[in-house]
Structure formats: C-alpha cells, structure tokens
Protein chains: 2
Amino acid sequence: MAVTDEAIEKIKGMIVSGALRPGDRLPKESELAAELGLSRNSLREAVRALSLIRILDVRQGDGTYVTSLDPQLLLEALSFVVDFHRDDTVLEFLAVRRILEPAATALACPRISDAELDRLQAQLDALGPEPSVEELVACDLEFHRGIVQSSGNSVLRSLLDGLSGPTTRARVWRGLTEEDAVSRTLHEHRAILAALRDRDAEAARSWATVHIASVEQWLRSTP
Amino acid sequence: MAVTDEAIEKIKGMIVSGALRPGDRLPKESELAAELGLSRNSLREAVRALSLIRILDVRQGDGTYVTSLDPQLLLEALSFVVDFHRDDTVLEFLAVRRILEPAATALACPRISDAELDRLQAQLDALGPEPSVEELVACDLEFHRGIVQSSGNSVLRSLLDGLSGPTTRARVWRGLTEEDAVSRTLHEHRAILAALRDRDAEAARSWATVHIASVEQWLRSTP
DNA sequence: CCGGACCAGACATCCGACGTATCGGCCCCA
DNA sequence: TGGGGCCGATACGTCGGATGTCTGGTCCGG
C-alpha cells in the first residue's frame, strides 16, 4: 500500500481509537510526517483527502484540527459525492427520498414547533406569482429541510440533505416549470403543513408520500 | 480559495459537465497541472482527495482514470465516513435503518429470486451453535445485503450498505452476545425469509421493522 | 487601557530529482 | 510463424528543500 494511504489509515485509526478527539489539534505537518515516517508532501496528500470529507480542518497559519465529527458535517460530504451522479439515476434517488421523507415528516409531526410551522408558512406565502427556478429550488429546499430538521434525528436530516442537494433538486425543478405542476406542488406543500398543524401524523406522512410520488410520476412521464 | 481546492472543483466540473466521462483517462499529472495552472504536488493533492471518495482511480505506471461513477462505488465512500462516528450516534443510524430496511424488504418481496432465498436460507443454516462475533457480523451483513440487493434500487442498496457497515454492525453485535438475544435475532431472520417466500410484502415489511426495533430496544436498555 | 506594528509559527505552493510499477513493442527461440 | 521473455518508454510515487502567505500572540507607544 502506498505510504499516503497508510497515513490516511493511521490518522483514521488515531481518531477512531480516541487518541485524537474532535477539536484536537494535530502535530504540525513536519512532525507528523516524521512520526508516520513519510515526507511532508505525501502527508499533505493524506491530510487533504481527509479534509475533503470533513474529517480534518486545516487552517493556514494556525494548524490542523479534527472536526467536530458531527453526523451533519460528515454526511455533508455525501452532497459532494451525489453531485457526480448522472441524470439517469435521479429516479433512484427520488425513490429513496420517497421512503425517507414521509417517515421524517411523521417523526417531525409531534415535535415541530408552532413557530417553525409559522415560519414555513410565511415562506410559502412569500413566494411570488412568477417564481424563478432558483426561487423554487430554494423554497423547496428550505421547506423540506425545515421539516426534516424537526424530526430530531441528525443522521436522517443530513442524509436527506445530502441526497437532495441543490444539484439534484435543480434537475427536478428544471423539468417542473410547467404551470400546473408548480402550483400543484406548492399546494401539496401547504397540505403537508396543514396536517402537521393538526398533529395528524398519518395524514402528514401520506401527503409527503403523495408529494414525492407525484414528482416522481411527473418525471417518469417526461423523458 | 486554495489552488488545490480550485483544482478539485475544476476536475469535478469536467466530470459533471461531461467533458470527462466514466472510464476516461486524465492527462498525465504534469500536463494536467500545467493546464490547470498549478504545480504537480498541489494537483496530486486534489487527485488524491478525489481518489479517496472513488471519483478517480489512479494506477501507478499507467495513468489516472475516472471511475464508473456507479452509485454503489460512490456511496461506498459513505462507509468510510460512517466509521468515524462515535458510539453515541449508533441509535440514530439504527433509526434510519429502521426506516429504510423495511421499505427495502417490501420492495424486494416480489423481485427476489427463489435461488437467492435458498442461498440466504442455506447461509443461516450453516451457522454453528456457538458462532463467534465475527461470524455473526458476517452473517448478518450478508443476510441484509442479499435482500436489499434484490430491491432493485442501487442507491438504496449502497446507502444501507454504507450506513450499516462492518464497524457499525460490530458495535451492535458486540452488545448482543447474550444467548437469547442472538437466538431471537436469528429467528427473526428466518421469519423474514419465510415472509419473502410467501411473497407477503406486508408481513416481510413488518418482520423487518420488528427485527430492527428489537435490536434498537435492546441497545436502548443496555447503557 | 487600548490599538497597531512586529515576529514567530504553521500551512501553501513550487521546483527538481529519483524510485517504481505498468504497458507494449522488439527480439529471440522454438 | 507463433509464443514468450526482455527492455525501454511512460506515468505515477516519494522525497527534500526553498520560499510565499496567513494567523495568532506579543510588545510597545499613545
């Protein structure tokens, strides 16, 4: 195995074993390189790789630190990876969202605060009559994120965040600019909010399912 | 932004835009470095980072290639990331599995082949009366993987694979060595198989839920 | 006491050289 | 002529050192 890969494994080992804990500072590059028995250049490759997936946080002029290792932070890397997927797998991603999102909505039902419901409602109302694709994407993202956030499961939240990042959503909405599709989707958003307000978990779950399924069906019918 | 990060973005852009397609070979390091306007060392850091998450595949003496970009391959990186999570989030991961796994089992119900069912059955039967933790983990992993594989959704498959990798599962099973917990879990495996054989999706889904919930409950009751 | 200049430390980037694995063509030997 | 091994070209792997740039803390003057 290459020395760089060894270094990645060793650093991973130090973190997993607890020798390095979240927030800890690593020895400076030259020392760590000597310690692991490789050159500073090769070590930098390892550090850079771990930095890309948010395991390490390097600050020029300061030092290299272990991140908080929060699920949110780590799964954020998922978003980066998802961006590489080709359009032909968007339906598979949507199918997974169709599983997770209703469940998340049901989980959020008894937990979401009235203030948050008000905020989401206001956000829907703020959308003008002729929204741009960018506005739709941002609104859609914020709406679902707000609900999932209230599910109380940070792994679930990060996963859905990553799976339906800006790229994926933009792909979907780009195809949804037809008038009726947009208005129907926004209507479904309102229905989900109403069910949450009634604390009716089963209705909220069903509306979430219907919402995703309708998007799915729309995508399937238009090549 | 650092030149290396720029390089990562540029290479990502080349792939997402279609200029580089799966299987394509990149220009050699020195050329690509000149093209992107940075040194070979810095470029190597970018390539190494993208290689860690399976976007690129570097072969010494040959060249650097874009991977197949299959969902399976890309989400495989998820497993690496998940390994870093601390034990206190294992319940959140399990909660997500509890959502995904029953759905995957239901999806697999009409699709899984008799041959695959036989294979999984044989594997369960092959487990001795005093299995080691390693054997239990391997068996558990293969059982669920076999079912999820038959769901027909490669994103779902990869996601569950990544979420419940060896590390996570080992953590769970390490706490499950008590006699009755093991036998009960294995019994649930058999029940899931039986439901699949009957092509009873609702029963299969419920057994899968019960299966995960019981593990969850067990973990929750033992600090 | 406060603010700005200064300085040491640590990461960022680059260069050039050498090691090593791979591939493919050339040559030799049946 | 067909096959197999040798060998060099090619490209990644690793290294050491030099220099730039940024950050944080210290020290001094107002």
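Chain letters run A, B, ... following the sequence lines, proteins first and then strands; every chain starts at 1. Just so we're clear, the structure is a prediction, and the values are computed from it rather than from any experiment.
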A.B. asks: From C-beta outward on A/Gln60, which listed nucleotide comes closest to its side chain: D/dG20, D/dT14, C/dT13?
C.D. replies: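 Within the option list, the nearest is D/dG20.
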
A.B. asks: Nearest whole Å is fine: how far is D/dT14 C1' from A/Glu6 CD?
C.D. replies: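 Roughly 13 Å, once rounded to whole Å.
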
A.B. asks: Scan B/Glu116, B/His144, B/Arg157 and name whichever one has a side chain to side chain donor-acceptor pair (under 3.5 Å) with B/Gln149.
C.D. replies: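 Among B/Glu116, B/His144, B/Arg157, the one meeting side chain to side chain donor-acceptor pair (under 3.5 Å) with B/Gln149 is B/Arg157.
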
A.B. asks: Rounding to an integer number of Å, can you tell me how far B/Met1 CE sits from D/dC22 C1'?
C.D. replies: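 Answer to the nearest Å: 17 Å.
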
A.B. asks: Would you say A/Thr64 places a side-chain N or O within less than 4.0 Å of OP1 or OP2 belonging to C/dA10?
C.D. replies: no

A.B. asks: Whole-Å distance between C/dT13 C1' and B/Leu43 CG?
C.D. replies: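 Result: 13 Å.
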
A.B. asks: Does B/Ser150 reach the main-chain N or O of B/Gly146 with its side chain, forming a donor-acceptor pair under 3.5 Å?
C.D. replies: yes

A.B. asks: Considering the options A/Leu156, A/Leu159, A/Asn153, which one meets the side-chain contact (heavy atoms from CB on, under 4.5 Å) requirement together with B/Ile99?
C.D. replies: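 Only one option passes, and that is A/Leu156.
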
A.B. asks: Check the angle between the aromatic planes of B/His211 and B/His189 and answer parallel, tilted or perpendicular using the 30° and 60° thresholds.
C.D. replies: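 Ring orientation of B/His211 relative to B/His189: perpendicular.
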
A.B. asks: Does A/Leu127 reach the side chain of A/Leu136, with side-chain heavy atoms less than 4.5 Å apart?
C.D. replies: yes

A.B. asks: Could you tell me the separation between the NZ atom of B/Lys28 and the C1' atom of D/dG13, rounded to a whole number of Å?
C.D. replies: 16 Å

A.B. asks: Select from B/Asn41 and B/Arg59 the residue whose nearest nucleotide in DNA chain D is closer to the 5' end of that strand.
C.D. replies: B/Arg59

A.B. asks: Please report, rounded to the nearest Å, how far the P atom of D/dC12 is from the CZ atom of B/Arg48.
C.D. replies: 12 Å

A.B. asks: Rounded off to whole Å, could you give me the CG-to-P distance for the B/Leu50 and D/dC12 pair?
C.D. replies: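 Whole-Å distance recorded here is 15 Å.
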
A.B. asks: Using a cut-off of less than 4.0 Å, is there contact between a side-chain N or O of B/Arg44 and OP1 or OP2 of D/dG13?
C.D. replies: yes

A.B. asks: Looking at D/dC15, I'd like to know if its phosphate oxygens (OP1 or OP2) sit under 4.0 Å from a side-chain N or O belonging to A/Ser42.
C.D. replies: yes

A.B. asks: Under 4.0 Å between a side-chain N or O of B/Arg40 and OP1 or OP2 of C/dC15?
C.D. replies: no

A.B. asks: Under 4.0 angstrom, heavy atoms only, what part of the nucleic acid is B/Ser30 near: base, sugar-phosphate, or nothing?
C.D. replies: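 The answer is nothing, as B/Ser30 stays clear of every strand by at least 4.0 Å.
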
A.B. asks: For B/Asp62 and A/Asp5, find the nucleotide of DNA chain D closest to each by heavy atoms; which residue's nucleotide sits nearer the 5' end?
C.D. replies: B/Asp62

A.B. asks: What is the distance, to the nearest angstrom, from the OH atom on A/Tyr65 to the P atom on C/dA10?
C.D. replies: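 In whole Å, C/dA10 P and A/Tyr65 OH are 10 Å from each other.
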
A.B. asks: Can you check whether A/Thr4 has a side-chain N or O nearer than 4.0 Å to OP1 or OP2 of D/dT14?
C.D. replies: yes

A.B. asks: Within this structure, what is the CZ-to-C1' distance between B/Arg25 and D/dA11, rounded to whole angstrom?
C.D. replies: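 Distance check: B/Arg25 CZ to D/dA11 C1' gives 7 Å.
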
